[in-house]
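This report concerns only the one structure given below.
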Amino acid sequence: MVWTKALVTGASSGIGLSIVRELGRRGVAVVLVARDIDRLNTIANEHPVAAEVLQADLTNTEQLAAVEQRIEVGDIDLVVNNAGFGLDGMFIDHTRDDETNMVLVNVVALHRLSHAAAITMKTAGTGSILNIASVAAFTSTARASTYSATKAFVVSFTDALASELKGTGVTATSLCPGLTRTEFHDRGDYDLDKFPDFAWQTSDEVALQGLHAAANGERRRIPGAVNKAMVGVIKTMPETLIRAVGNRFF
Ligand SMILES: NC(=O)c1ccc[n+]([C@@H]2O[C@H](COP(=O)([O-])OP(=O)(O)OC[C@H]3O[C@@H](n4cnc5c(N)ncnc54)[C@H](OP(=O)(O)O)[C@@H]3O)[C@@H](O)[C@H]2O)c1
């Protein structure tokens with residue numbers, strides 16, 4: 001699949017920014033969505049082809065609706081639902097609003113924008129939806145209860161959406177990164193010291209894998225040998241053992 005215009009949420013940093021830069025190298029126009037307008041304007045100015053800025057807080061219903069309407073214009077053939085965040089720590093130690101906002105950004109926004117994209121692209125007979133999940137989708141560990149659940153939703157939903165879209169010219173792909181060097185861990189107050197260097201990927205590596213999988217119309221991609229091996233092992237382990245190891249680690 002060769003795209004002409006992509007809408008990327010969470011385009012202001014990390015994996016989303018790496019995706020935008022790779023799209024720029026491929027000559028793809030972009031619509032950049034995030035809250036930080038200064039960063040988005042700088043990124044748009046650097047983009048080698050057309051770039052629009054659409055400032056939106058995806059926890060806000062009206063601002064999310066504006067992004068849905070932008071997709072419904074019908075000129076976008078790649079939607080990347082990348083915006084997301086996690087919070088290290090116990091469910092009851094976070095505010096109710098912080099926990100709810102995680103669901104609003106990681107699940108509700110992705111869900112509504114996938115709906116807008118699937119309908120609009122199906123009418124056009126072509127398009128790709130790339131939803132950013134996480135290896136956390138495959139575990140349910142303490143200190144990551146809501147985050148893991150949001151990412152499990154992304155994988156499960158995207159798998160089924162891919163089936164529903166079969167034969168329409170539209171594909172849905174989930175990307176499940178593991179540890180990736182971005183602003184994610186600072187924002188979520190994660191302790192990084194316990195994670196060995198070999199477990200990390202760069203956002204550029206992850207972005208390339210995601211775009212490759214979406215271009216091929218793959219249902220799901222786990223980038224990186226370490227992440228692939230980890231998910232492979234998790235799938236062969238009894239649930240109680242996965243939980244015990246995960247809870248001990250986190
Ligand atoms: N880094 C990792 O280790 C890792 C691993 C697995 C999966 N992931 C997933 O990868 C995706 C990208 O994260 P990242 O690692 O690149 O982290 P990041 O550098 O913190 O980027 C997160 C992006 O999401 C945007 N965002 C957050 N809340 C938003 C809101 N309310 N409204 C609109 N945009 C919002 C941020 O933009 P503004 O602040 O400008 O709004 C930013 O552009 C996320 O879905 C994350 O769950 C990350």
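Position 1 is the first residue of the sequence; numbering continues from there. Counting convention: from 1, in listed order, for ligands and their atoms alike.
- Gly10 and Ala83 get closest at one heavy-atom pair: N-CB, 3.6 Å.
- When only non-hydrogen protein atoms are considered, atom 19 (O) of ligand 1 lies nearest to Ser13 OG, 2.7 Å.
- For ligand 1, one of its N or O atoms has an N or O atom of Arg187 under 3.5 Å away.
- Close to ligand 1: Ala56, with a non-hydrogen atom less than 4.0 angstrom away.
- The shortest non-hydrogen separation linking Tyr190 to Leu87 is OH-N, 3.2 Å.
- The shortest distance between side-chain heavy atoms of Ile132 and Thr9 does not fall below 4.5 Å.
- Between Ile242 and Phe138 there is no side-chain heavy-atom pair separated by less than 4.5 Å.
- In this structure, Gln201 CD and Asn227 CG are separated by 5.5 Å, a value rounded to the nearest 0.5 Å.
- The nearest heavy-atom contact from the protein to atom 15 (O) of ligand 1 is Thr182 OG1, 2.6 Å.
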Handout entry: Intermediate values then yes/no, side chain to side chain donor-acceptor pair (under 3.5 Å), Ser203 and Ser18
Key = CA-CA 6 Å; Ser203 58; Ser18 289; 2.8 Å; yes
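- Atom 16 (O) of ligand 1 has as its closest protein heavy atom Ile15 N, 2.8 Å.
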Exercise for the section: Apply ring-ring contact (aromatic ring centres under 6.0 Å, His included) to His111 and Phe153, showing your working. Expected result: CA-CA 10 Å; His111 195 227; Phe153 175 94; 5.4 Å; yes
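- When hydrogens are left out, the protein atom nearest atom 6 (C) of ligand 1 is Pro177 O, 3.3 Å; that is the closest non-hydrogen contact.
- At least one heavy atom of His185 sits under 4.0 Å from some atom of ligand 1.
- Side-chain contact between Val108 and Arg112 is present, with heavy atoms from C-beta onward closer than 4.5 Å.
- Residue, atom and distance of the protein heavy atom nearest to atom 31 (N) of ligand 1 are Asp57 OD1, 3.0 Å.
- No side-chain heavy atom of Thr182 sits less than 4.5 Å from a side-chain heavy atom of Arg187.
- Asn82 OD1, 3.1 Å is the protein heavy atom nearest to atom 12 (C) of ligand 1.
- In the vicinity of Gly10, heavy-atom distances shorter than 4.0 Å reach the ligand 1 atoms 23 (C), 24 (O), 25 (C), 42 (C), 43 (O).
- When non-hydrogen atoms are compared, ligand 1 lies under 4.0 Å from neither the backbone nor the side chain of Ala136.
- Of the polar atoms of Ala34, none of the N or O atoms is found under 3.5 Å from an N or O of ligand 1, judged by distance alone.
- Per-residue contacts place Asp36 under 4.0 angstrom from the following atoms of ligand 1 (heavy atoms of the residue considered): 40 (O).
- Among the candidates Val33, Val79, Asp75, the single residue satisfying the side chain to side chain contact (heavy atoms under 4.5 Å, CB included) test with Arg70 is Asp75.
- Comparing Ala137, Gly84, Ala207 against atom 22 (C) of ligand 1, the shortest heavy-atom distance belongs to Gly84.
- Ranking protein heavy atoms by distance to atom 37 (O) of ligand 1, first place goes to Ser12 OG, 2.9 Å.
- Using 4.0 Å as the threshold, Gly178 has a heavy atom nearer than that to some atom of ligand 1.
- Nearest protein heavy-atom neighbour of atom 32 (N) of ligand 1: Leu58 N, 2.9 Å.
- Only side-chain heavy atoms of Lys151 come within less than 4.0 Å of ligand 1; its backbone N, CA, C and O stay farther off.
- The shortest N or O to N or O distance between Trp200 and ligand 1 is not below 3.5 Å.
- Those atoms of ligand 1 with a heavy atom of Ile132 less than 4.0 angstrom away are 9 (C), 10 (O), 11 (C).
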